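Structure first, then comments.
Within every chain, numbering begins at 1; the chains are lettered A, B, ... in the order of the sequence lines, protein sequences first and strands thereafter. Because the structure is predicted, anything quoted here is derived from the model rather than measured. Excluded from the calculations below are hydrogen atoms, water molecules and symmetry mates; all remaining heavy atoms, backbone and side chain alike, are included.
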2 protein chains.
Amino acid sequence: MEYKPTIEDVAKRAKVSIATVSRVINKQGGVRKKTEERIVKAINELGYIRSAVARSMKKKETNTIGIIVPDIRNPFFPSVVSGIERMARDKGYYTILSSTNESLIVEEEVVKIFIERGVDGVIITTANENGNHIKLLQEQGIPLVAIDRAIKRFEVDTVLVDNIKGSYQAVQHLILQGHKNIAIICGPQNTTPGFERLQGYKNALEEYNLPVNESFITNGDFMEESGYKATYKLFHLPKRPTAIFSSNNLMSIGCMKALMELEWKLGEEVSFIGFDDVEIATFITPKLSVVSRPMNALGEIAFQLLHDRIHSKESLPKREYLLSPELKIRESCRLNKLVF
Amino acid sequence: MEYKPTIEDVAKRAKVSIATVSRVINKQGGVRKKTEERIVKAINELGYIRSAVARSMKKKETNTIGIIVPDIRNPFFPSVVSGIERMARDKGYYTILSSTNESLIVEEEVVKIFIERGVDGVIITTANENGNHIKLLQEQGIPLVAIDRAIKRFEVDTVLVDNIKGSYQAVQHLILQGHKNIAIICGPQNTTPGFERLQGYKNALEEYNLPVNESFITNGDFMEESGYKATYKLFHLPKRPTAIFSSNNLMSIGCMKALMELEWKLGEEVSFIGFDDVEIATFITPKLSVVSRPMNALGEIAFQLLHDRIHSKESLPKREYLLSPELKIRESCRLNKLVF
DNA sequence: TAACCAAATGTAAACGTTTAGATTTTTCTT
DNA sequence: AAGAAAAATCTAAACGTTTACATTTGGTTA
């Protein structure tokens with residue numbers, strides 16, 4: 001059965017006009033019961049399925065929202081996406097998801113495609129805060145919400161986690177355990193989380209009158225490999241740090257791998273705390289302490305904001321959510337023996 | 001700039017007909033250089049972006065493929081999806097992804113929506129092999145490829161990993177280490193991987209003339225919790241197994257959590273091997289042995305098959321790929337001391 | 001039972017493209 | 001320079017809906 005019946009076929013078979021068929025498909029009422037039954041019967045007999053494409057064409061809405069994430073393999077994002085998806089499905093929206101691998105170019109392309117496809121809104125964790133594509137989106141009047149990473153140059157609804165607070169607390173915890181030589185594995189400094197987590201680190205040191213040692217600040221790109229390399233670098237420093245704070249989950253994993261290879265004893269020779277919980281955290285001995293984020297909530301709120309904006313007639317003011325991360329103290333931050 | 005320019009606006013501005021504009025948008029050639037320049041200029045000045053919706057309407061193709069997975073939070077799927085996506089983007093296709101949480105109902109709904117939206121093809125890991133939705137897809141003539149889980153009732157292109165072989169090898173390895181009391185944590189028996197992995201387990205036992213002990217066969221649903229519970233059950237058996245084979249990654253994690261709580265010594269009192277590699281594998285002591293699958297390849301092949309089918313005029317025969325899993329021996333399968 | 005009214009149904013245009021076929025323009029040939 | 005051939009361009013229909021507005025139907029009232 002290659003032939004796809006259209007609303008016209010249904011109309012003919014039920015001996016009514018296409019307008020009435022449309023009316024029953026869309027449950028608009030105002031159709032005599034008997035006619036409706038006839039139409040429903042025709043629909044079933046023909047196996048008619050209405051074309052969302054034609055509908056979108058006329059209504060100028062697609063009930064689709066685009067989601068852009070930098071890396072679908074980072075478990076943080078599936079969790080967020082999962083939150084978005086559940087809410088969206090509930091409201092009759094569907095999601096089209098793209099992972100850009102942190103590529104600015106791919107991200108711009110994806111946005112372009114999303115616009116072509118007429119998405120009703122976009123939720124983005126941008127790899128490219130300053131890109132031209134954000135402007136494009138705004139020019140088209142397409143609602144946008146930024147998640148996890150802010151977009152400062154534009155007025156955009158935003159839902160973030162308090163990175164500064166999170167990393168401040170993490171580093172503070174380390175300090176209170178007596179650590180003075182605390183290293184950080186940074187994320188990219190042109191992203192909100194990368195930048196802010198370094199900021200929180202610095203704030204904590206300053207607060208406790210600890211000097212900032214530039215050699216303890218290592219660069220990473222939120223990928224596992226970079227956490228691994230950074231750890232090696234730290235290990236080979238003339239004066240090693242006694243504690244490491246990693247700016248994200250993947251880099252934490254890389255860091256752990258390096259630690260094992262180097263036989264740099266976690267919890268004894270070096271304490272550790274990471275941003276974002278990781279599956280391995282509770283399987284490593286000692287168990288990893290982490291800053292954990294409410295990922296599902298992040299997604300749900302993001303969709304809610306977007307949905308509001310899609311359906312609001314007047315233009316809403318910019319709204320910002322700042323969720324609190326939670327410090328999960330486990331076992332990887334030990335008292336620094338050197339203190340005593 | 002709320003107003004969206006159409007092809008007609010471009011045509012007016014460039015003083016040509018919409019047909020010529022269409023020709024340059026689609027790079028079909030046969031347009032004088034000077035005219036083309038004028039048109040391109042007009043496009044840029046107006047910020048024209050062609051409507052994919054209108055285009056799809058006319059061309060009856062959306063350049064979209066639908067992907068259905070049972071659980072986006074299982075890291076196996078992001079990896080597969082990532083493979084699909086990369087290939088797809090390369091060929092100008094976009095993906096719309098839905099995670100069904102193993103729900104048959106959600107899966108049927110999603111398929112319905114995909115059809116409405118006119119996807120050009122579907123890649124599915126079904127939670128519901130026998131569902132009516134598969135038939136629907138076929139009736140509509142929408143190309144379909146099944147991945148990871150077969151759909152036996154219908155003629156469907158399929159790309160699987162050899163589950164029987166994988167679990168056979170895993171269990172064989174355990175047997176060769178001297179284990180006779182080997183337990184399995186099963187997946188749902190109405191899915192290909194769930195069923196086949198049990199089959200491979202049984203085959204191995206039979207091959208080596210070992211009896212099948214029903215109490216060693218525990219039921220799981222591929223979710224972490226069920227692996228956890230199954231392990232507890234095994235632990236409290238009057239006669240404990242000396243080795244456990246877990247049918248998937250999430251259940252392996254659950255199993256590990258239980259092992260730790262129960263202080264059931266991994267590698268000493270109980271050996272372990274799991275289907276699918278997991279992040280935690282190399283962080284646990286002893287390191288977990290696993291059956292690992294080529295996830296990216298899975299996705300890439302699946303897309304390739306789908307793409308072929310979308311573009312082939314004649315109807316292709318059913319094609320099946322069976323990829324080989326790889327046994328990664330690490331440390332969690334020790335010689336069974338009871339042997340000696 | 002005629003006239004009227006509300007409810008039900010129908011008509012036709014519009015949404016923004018693509019494309020077959022018609023027409024015009026340019027180029028080539030002699 | 002005229003005519004033919006080739007190239008460029010245009011016209012108009014079609015894709016499958018939704019919807020404003022027009023028309024018909026059936027029921028109610030006087």
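The distance from atom NZ of A:Lys59 to atom C1' of D:dG16 is 15 Å, rounded to the nearest whole Å. Look at CD1 on B:Ile7: it is 8 Å from C1' on C:dG16, rounded to the nearest Å. Rounding to whole angstrom units, CD1 of residue B:Ile18 and C1' of D:dA14 are separated by 12 Å. The NZ atom of B:Lys34 sits 9 Å away from the P atom of C:dT26 (whole-angstrom rounding). Between the NZ atom of B:Lys12 and the P atom of D:dT11 there is a distance of 12 Å, given to the nearest Å. The interatomic distance linking B:Arg117 (CZ) with D:dG16 (P) rounds to 18 Å, in whole Å. With rounding to whole Å, B:Leu46 atom CG is found 14 Å from C:dG16 atom P. Here C:dC15 presents its C1' atom at 13 Å from NZ of B:Lys4, a figure rounded to the nearest Å.
A salt bridge does not link B:Glu36 to B:Arg23: none of the charged nitrogens lies less than 4.0 Å from a carboxylate oxygen. Salt bridge status for B:Lys41 with B:Glu45: present, with a side-chain N to carboxylate O gap under 4.0 Å. The pair B:Glu116-A:Arg50 meets the salt-bridge criterion, with a side-chain N (NZ, NE, NH1 or NH2) lying under 4.0 Å from an Asp/Glu carboxylate O.
Set against C:dG10, C:dT19, D:dT18, the side chain of A:Arg50 has D:dT18 as its closest nucleotide. When the nucleotides D:dG16, D:dT19, C:dT18 are ranked by their closest atom to the side chain of A:Ala54, D:dG16 comes out on top. If you check D:dT11, D:dT17, C:dT9 against the side chain of A:Thr20, the one that comes closest is C:dT9. Here D:dT17 is the nucleotide among C:dG16, D:dT17, D:dA8 with the atom lying nearest to any side-chain atom of A:Ser51. Distances from the side chain of B:Val31 to the nucleotides D:dT9, C:dT17, C:dT19 place D:dT9 closest. For A:Met57, counting side-chain heavy atoms from C-beta on, the closest listed nucleotide (C:dG16, D:dC15, C:dT19) is C:dG16.
At least one side-chain nitrogen or oxygen of B:Thr35 sits closer than 4.0 Å to the OP1 or OP2 atom of D:dT9. In this model, the phosphate group of D:dC10 is approached by a side-chain N or O of B:Ser17 to a distance below 4.0 Å at OP1 or OP2. Taking only side-chain nitrogens and oxygens, B:Gln28 comes nearer than 4.0 Å to OP1 or OP2 of C:dT19. Phosphate contact (OP1/OP2 of C:dA8, side-chain N/O of A:Arg32, threshold under 4.0 Å): absent.
Distance CD1/A:Ile113 to OH/B:Tyr93: 13.0 Å, rounded to 0.5 Å.
Inter-residue side-chain proximity for A:Ile124 and A:Ile147 is flagged as unmet; no heavy-atom pair is nearer than 4.5 Å.
Judged by distance alone with a 3.5 Å cut-off, a donor-acceptor contact links the side chain of A:Arg23 to the base of C:dG10. Taking 3.5 Å as the limit, the base of C:dT18 and the side chain of B:Lys58 contain a donor-acceptor pair of atoms between them.
Taking for each of B:Ala19 and A:Arg55 the nucleotide of DNA chain D with the nearest heavy atom, the 5'-most of the two is the partner of B:Ala19. Taking for each of A:Ser22 and B:Gly29 the nucleotide of DNA chain D with the nearest heavy atom, the 5'-most of the two is the partner of B:Gly29.
As judged by a 4.0 angstrom heavy-atom cut-off over every strand, B:Val53 is placed among residues making no nucleic acid contact. Looking at heavy-atom distances under 4.0 Å, A:Ile25 makes no contact with the nucleic acid at all.
No hydrogens or angles considered: nothing links the side chains of A:Asn190 and A:Arg149 as a donor-acceptor pair under 3.5 Å.
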